[in-house]
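Okay, here's the structure, questions in a sec.
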Amino acid sequence: MTAEKKPKTSGASLRYEAWLRFRRNRLAMAGLVMAVTVILGAIFASSLAPYDPFKQLIWTEGRAVRLAAPSAEHIMGTDLYGRDILSRVLFGARISLQIGIFATVVSLFIGVPLGALAGYRGGFTDDFISWIINVIFAFPFFLFVLAVVAVFQNPSMSVVYVAIGLVNWVAIARVVRAQFISLRDREFVEAARALGLPTWRIIFIHILPNALAPVIVQATLGMGSIIMIEAGLAFLGFGAQPPTPSWGLMISEGQKYLGLGKWWWAIFPGMAITYTVLAFNFLGDGLRDALDVRLKR
Amino acid sequence: MIEPGSHYLTVRGLKKYFPLRKGVFRRAAGYVKAVDDVSFFVNERETLGLVGESGCGKTTTGRTLLHLLEPTAGEVYFDGCDVGRILHKNPKELRRQMQIIFQDPYGSLNPRMTVRDIVGEAVRYHGLSRGSELDDYVCDILAKCGLRPEHRFRYPHEFSGGQRQRIGIARALALKPRFVVCDEPVSALDVSIQSQVLNLLKDLQEEMKLTYLFISHDLSVVRHISDRIAVMYLGRLVELAAKSDFFANPLHPYTQALLSAIPLPDPTKRRKRILLEGDVPSPINPPAGCRFHTRCPKVMERCRKEEPPFVDVGGDHFVACFLY
């Protein structure tokens, strides 16, 4: 039923207009470029990285390279085990993005249907789902994830992103619910009902495509916070386990050496986190401004 | 007075109250009585015009009649069937037969769908056509509604108001309905476009053997298209009569006031205008007795206490007034 094969003169032009608005926004473009570099870094980590991120390079050309300061051979230096930090930071992007994407997918899978149901049905259904959302919101986000992860003896990555998704969906659900409440009484939805179309079609084909813009924004902004959460978990030892090149884990391992003047072990992954989170926040804000027609001009 | 199933479409005692929720527990603190005990019938292949000022419940009547809004009370019988009961059991076929054309040509079309999908989606769902034939089916109905086949690939915002209204008409009529609620289908359009769309509706009625409930606040529009006319005031019907009878012999003081407001085509002539004082009372607290008594030039003591029944005063001319 979608017009995938048809010349999309106007659907394209709507999107094109949004793109023009996006392009005028410098911060948004900066966010896009930054995010693209992170993604490219993650995808091509194996060819970009100068060393194997797991290899302990104790001796290179006759010199000790444990905790070596940044130099021409090791641009970001090496850690206590002689591993190249630049290589580990590049591979770390994979971990962070992977968690970010999978946790967002989990959040969308829970948040979109529940938010849609609450907004469309209203009444008791809405009260009940909103109550769950509020309870989860009231609970300290980080503690909740920590508790879920802690239940598992040996947390794998999938446990981490499911745990984050189990909390993060409330933000998505809230946005979806608000959209559905405003859209469900629109005349084109009423028309779909008058045509006798089944409820699932009305929800997914008539309302959802019109509700997506804020969901995309929320999901993008959520990527930033998920990456922060993952880093925090790894820092506390509940997320990625050694020797995984996770940014949070690297900071955790490197922090003891910060005071000893060996700043590069913790600082470079820290910068990577800041860079990535900023990228997604700029991107999310830019998308919000570009997709929201009401803010035009 | 009006027996169920005695006519093509029968509406009996239809009520729609909207609760006003207040406080933490959202208890109903009162009700907006948008439609309050409305009864009428529509004959096969005729147009019943429903007029009244803004907020009198015309639109709510149309929506409630189709069960797009759940009625608070009352029944609707279509071709001998209880609409409410059928819609709860097996809505599909009845939905196909009873359609609606909306007022707002901008809000009533999904902005993310092409015209082809807007018109064709329900056609396919109801099994009227599918596959490669669907495209021809859509082109056919678009042509009937005065649109070109290539329009089907476009999105609603590429069209003018009049064209969008034609798309809305095509969407409703693509299902080959028998009864259509036209909810102010021309009030959002320019006067020059209004007559085009009205004539289109008339032609399609002839061609597709349709029955219309035509809702409007514009008496001249209703006069153009209707066979019979009903007047609504504050959630109730005050008068219902055949068109000629309605304009020649209006009975209810409210109808008389409305008709006196229609400008005459000859600028040298003046009609004696009946000016109504005050505003329409709130539908939350409608006046006791006759709802019109606060503004009626012929008000009597009885009107303040008793509610006049909606009765046939002869020749299917219904009126709710103690004068008759």
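Here is how names work: the chains are called A, B, and so on, in the same order as the sequence lines, proteins then strands, and each is numbered from 1.
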**Asked** Considering residues, nucleotides and ligands other than B:Lys209, do more than 12 of their heavy atoms fall under 6.0 Å from its NZ?
**Response** no
Of the listed B:Ala174, B:Pro91, B:Pro177, B:Gly107, the one with the largest count of heavy-atom pairs under 4.5 Å with chain A is B:Gly107
* To do: Test A:Leu195 against B:Gln99 for side-chain contact (heavy atoms from CB on, under 4.5 Å), laying out the working first.
  => CA-CA 7 Å; A:Leu195 292 168; B:Gln99 275 303 307; 3.4 Å; yes
**Request:** Examine distances only and state if a side-chain atom of A:Glu190 and a backbone atom of B:Leu68 form a donor-acceptor pair shorter than 3.5 Å.
**Result:** no
Counting heavy-atom pairs under 4.5 angstrom with chain A, the leader among B:Arg63, B:Glu93, B:Gln103, B:His126 is B:Arg63
**Asked** Side chains of A:Arg201 and B:Glu121: closer than 4.5 Å at any heavy-atom pair?
**Response** yes
In this structure, CG of A:Asn210 is separated from CG of B:Asn110 (nearest 0.5 Å) by 4.5 Å
Of the listed A:Pro209, A:Ala194, A:Ala192, A:Ala191, the one with the largest count of heavy-atom pairs under 4.5 Å with chain B is A:Ala194
Okay, B:Leu109 and chain A: the region with an atom under 4.5 Å from a heavy atom over there is backbone
Honestly, the part of A:Asp127 sitting under 4.5 Å from a heavy atom of chain B is side chain
Point to revise | side-chain contact (heavy atoms from CB on, under 4.5 Å) evaluation trace for A:Arg193 with B:Arg95 | key: CA-CA 9 Å; A:Arg193 236 176 279 147; B:Arg95 280 281 177 238; 5.9 Å; no
inquiry  = Within the supplied structure, the quantity of interest is the number of heavy atoms (other residues, nucleotides, ligands) at a distance under 6.0 Å from A:Trp19 CH2; does it exceed 12?
reply    = yes
- request: Count the heavy atoms belonging to other residues, nucleotides or ligands that lie under 6.0 Å from CZ of A:Arg121, then report whether that count exceeds 12.
  value: no
In this structure, CD of A:Glu187 is separated from OH of B:Tyr106 (nearest 0.5 Å) by 13.5 Å
Ranking B:Arg171, B:Arg96, B:Lys92, B:His67 by heavy-atom pairs under 4.5 Å to chain A gives rank one to B:Arg171
Original post:
Under 4.5 Å between any side-chain heavy atoms of B:Tyr125 and A:Pro198, yes or no?
Top reply: yes
